[in-house]
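See below for the structure under consideration.
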Amino acid sequence: MVLADITKENDIKKLPPEEYESMAAEIRQFLLEHVSKTGGHLASNLGTVEMTMALHLSLDLPKDKIIWDVGHQSYTHKILTGRAQEFDTLRQFHGLSGFPKRKESDCDCFDTGHSSTSISAAVGMAKARDLKGTDETIVAVIGDGSMTGGMAYEALNNAARLKSNLIIILNDNDMSISENVGGLHKYLDMVRTGDTYLNIKDKVANTLLQIPDKGEEMVDGIRRVKNSIKHMILPGSWFEELGITYLGPVDGHDIPVMLRFIEEARKARGAAVIHVLTQKGRGYEPAEKNPSRFHGPGPFDIETGKSLEQKSYPAYTDVFSGSVCKLGELNPKVVAITAAMADGTGLTRFQKRFPERFFDVGIAEQHAVTFAAGLAVSGFHPVVAIYSSFLQRAYDQILHDVCIQNLPVVFAIDRAGIVGSDGETHQGVFDYSYLSSLPNMHILAPKNDWELAMMMKFAMEQESPVAVRYPRGRACQGFQEFKEPIIMGKCEVLHQGSRVVIFAVGSMVKEAMEVRSLLMGQGLDITVVNGRFVKPIDERAVLVQAACHDLLVTMEDNVLTGGYGAAVGECLLEHGVSIPVYRVGVPDRFIEHGSISELKHMLRIDAESVAREILERVS
């Protein structure tokens, strides 16, 4: 067992080259055994084993820095930096994070979780290195999918101005090995980064420029000829035009070749891109055949690849999927947009049913929103389906391009509230706050599956922006007896009691009804109101209920700052109503990874914690 000898960073350098292959196999088996139990990002990690090994063999960690874009492919990096023993706790409460975390290890130099950020961070770290006068190597690892994000191109534009070295690993896992991984390309790439080539290039240009009248013209002519040839034979000419050295394509599963390319990239006088071709899911046949399904699976059976999670219920995503398809059938102006998450958002069904009206814009949330605005201003009714934590990246576009023009764009916000095991970067607990501040925006949150379908229908009938926000996982199927029609800004009373009234929204309605059941056992019959609208809130209902209760409680799975409870409190204040208010929600902090139930209990927003607090306040 080679892996047992890796207890800290740089231990891999003790490994003889003849054992690289067996080491890679051990790592893949290790990943399968652990991720099949805990869930996590599998296919991307199986595809980057040798590439990560090559980086660790070449670099001196933690002095040298690796910035992992998104970071979900950093499992091998964690193993090679002495964290293998912690993998039983992967993505568990208080356990090992599924993403790079600086608090976990000095070898994690930058926290990541969202895409297209690594090159920007790497440019900043490279510039800091230069300002300090140190000599560490800075490497950004970014996937071809993340390169669709506009921020990556902003960073590349800035990286081209660097006068010192920066390495960008472009991990292209398109599941094919190009013929361009040939001897000619390897030779050309190594020659082009050699000192001799660079010095001759500079001397020739400088000499020709000194020729009176004709020198500059000759240099331009040579450059045009060189560029024409380069466009014909070199796939990275676009990077070269920016002023970034391009190396590759290279087989990312060939460690000796990868080592040579990394060393050549370190010689570049500025930024250098190594185009690495890898196979997503490599070494595990089910993941090779279906890398999308094994992108972030839950626990599964290794032998069959089948999920161990028995799903016999519809998720909120499934309910949304069916609803948007029905709306598409009724209205030919309905179009659907997602940012590289057709499966995750449930739009695959719409894509199959209406392929000409479905648009996947790649990992480009900002573009997705303004693209939707362009469709809306042209007479269409777009549905933009994006996870809550990713939609926040397009805040300015929602404000500037949708809300100012008051366009009928529907935002289907999936994975809202406490999401769980992906941690701080993925918790969807800010959307109420960042959307509530925008004029013309309306925000709804369903209590159950029926209400989500009705809210989607309602949203499509509006001529202004509407956000429908729902959580990850199983759709609540309770409270089917409550089916009041959706009316703009109106709430729904689920039970009229006395002394205490709870105004709850979205998934917290179920928690509120559980609070009522717990308090009934204590002889307290409380009122529960389904808020439905986070914006506009039902001010009349708030004032009416406040007048006949001793305590008003708000419940939301959003940060308290600028959320639903804040809006209710402002309403009471503006109308001069004095009543004790207890706001239940996420405090002013980032939420770590763990199960949803564990996190709610920790935050004291679960039913038992809320019931206990209410009893203390009214006793």
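What you see is a predicted model; the values in this text were computed from it and never measured. Below, all heavy atoms of this structure are taken into account, side chains as well, without hydrogens, waters or symmetry copies.
To the nearest 0.5 angstrom, Asp414 atom CG is 9.0 Å from Met341 atom CE. Atom CD of Glu613 and atom CD of Glu608 lie 14.5 Å apart (nearest 0.5 Å). With values rounded to the nearest 0.5 angstrom, Thr348 atom OG1 is found 6.5 Å from Phe358 atom CZ. In this structure, Thr81 OG1 and Ile66 CD1 are separated by 9.0 Å, a value rounded to the nearest 0.5 Å.
A salt bridge does not link Arg612 to Glu616: none of the charged side-chain nitrogens sits closer than 4.0 Å to a carboxylate oxygen. A salt bridge between Lys78 and Glu104 is present, with a side-chain N of the basic residue lying under 4.0 Å from a carboxylate O of the acidic one. By the 4.0 Å N-to-carboxylate-O rule, Glu86 lies too far from Lys101 to be salt-bridged with it.
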* Asked: Step by step, would you call Arg102 with Asp111 a salt bridge (Lys or Arg N to Asp or Glu O under 4.0 Å)?
  -> CA-CA 6 Å; Arg102 293 166 65 216; Asp111 290 6; 5.1 Å; no
* Lys490 vs Glu484, salt bridge (Lys or Arg N to Asp or Glu O under 4.0 Å): CA-CA, chis, key distance, verdict -> CA-CA 10 Å; Lys490 296 300 179 183; Glu484 292 185 15; over 6 Å; no
* Given salt bridge (Lys or Arg N to Asp or Glu O under 4.0 Å), test Arg415 with Asp422 step by step and report yes or no. => CA-CA 11 Å; Arg415 305 302 199 269; Asp422 282 334; over 6 Å; no
* To do: Apply the test salt bridge (Lys or Arg N to Asp or Glu O under 4.0 Å) to residues Glu424 and Lys103: give CA-CA distance (whole Å), side-chain angles for both, the deciding distance (0.1 Å), then the verdict.
  => CA-CA 13 Å; Glu424 296 99 324; Lys103 64 185 179 184; 3.5 Å; yes
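Side-chain rings of His114 and Phe390 approach one another, their centers coming within less than 6.0 Å. Phe458 has its ring centre less than 6.0 Å from the ring centre of Phe533. Between Tyr75 and His34, the ring centre distance reaches or exceeds 6.0 Å.
Taking the six-membered ring for Trp and thresholds of 30 and 60 degrees, Phe359 and Phe371 have ring planes more than 60 degrees apart, a perpendicular arrangement.
Checking side-chain atoms of His426 against main-chain N and O of Ser389 turns up no donor-acceptor pair under 3.5 Å. Checked by atom type and distance alone, the side chain of Ser321 pairs as donor or acceptor with a backbone atom of Gly346 at under 3.5 Å. A donor-acceptor pair under 3.5 Å links the side-chain atoms of Thr112 to the main chain of Trp68, judged by distance alone. Remark: the backbone N or O of Ser146 is paired with a side-chain donor or acceptor of Ser116 at under 3.5 angstrom. Gln73 places a side-chain N or O within donor-acceptor distance of the main-chain N or O of Gly71, the cut-off being under 3.5 Å. No donor-acceptor pair closer than 3.5 Å links the side chain of Lys535 to the backbone N or O of Leu435. In terms of modelled atom types and a separation under 3.5 Å, the side chain of Asp318 and the main chain of Ala315 share a donor-acceptor contact. Distance alone, capped at 3.5 Å, places no donor-acceptor pair between the Gln392 side chain and the Asp431 backbone. At distances below 3.5 Å, not a single donor-acceptor pair connects side-chain atoms of Gln545 with backbone N or O atoms of Val501.
If you check the side chains of Ser105 and Asp108, you find no donor sitting under 3.5 Å from an acceptor. Judged purely by distance below 3.5 Å, without hydrogens or angles, the side chains of Arg91 and Ser421 pair a donor atom with an acceptor atom. No side-chain donor-acceptor contact under 3.5 Å links Asn406 and Glu463. Side-chain polar atoms of Asn530 and Glu451 form a donor-acceptor pair below 3.5 angstrom. With 3.5 Å as the limit, one finds no donor-acceptor pair spanning the side chains of Asn440 and Ser464. Gln397 and His367 are not linked by any side-chain donor-acceptor pair at a separation below 3.5 angstrom, with hydrogens and angles left out of the test.
Counting heavy atoms from C-beta on, the side chains of Met151 and Gln366 never come closer than 4.5 Å. Using a 4.5 Å cut-off on side-chain heavy atoms (C-beta onward), Trp450 and Gln477 make no contact. With a 4.5 Å cut-off on side-chain heavy atoms, Met488 and Gln462 count as touching. Annotation: side chain of Val369 is in contact with side chain of Leu391 (closest heavy-atom distance under 4.5 Å). Proximity of His575 to Glu539: side-chain heavy atoms (C-beta onward) are separated by under 4.5 Å at one or more points. The shortest side-chain heavy-atom distance between Arg472 and Ile418 does not fall under the 4.5 Å cut-off.
For Tyr582, the side-chain hydrogen bond (donor to acceptor under 3.5 Å, both in side chains) test picks out no residue, with sequence neighbours left out.
If you run ring pair (Phe, Tyr, Trp, His ring centres under 6.0 Å) between Phe99 and each of His41, His77, His593, only His41 comes through.
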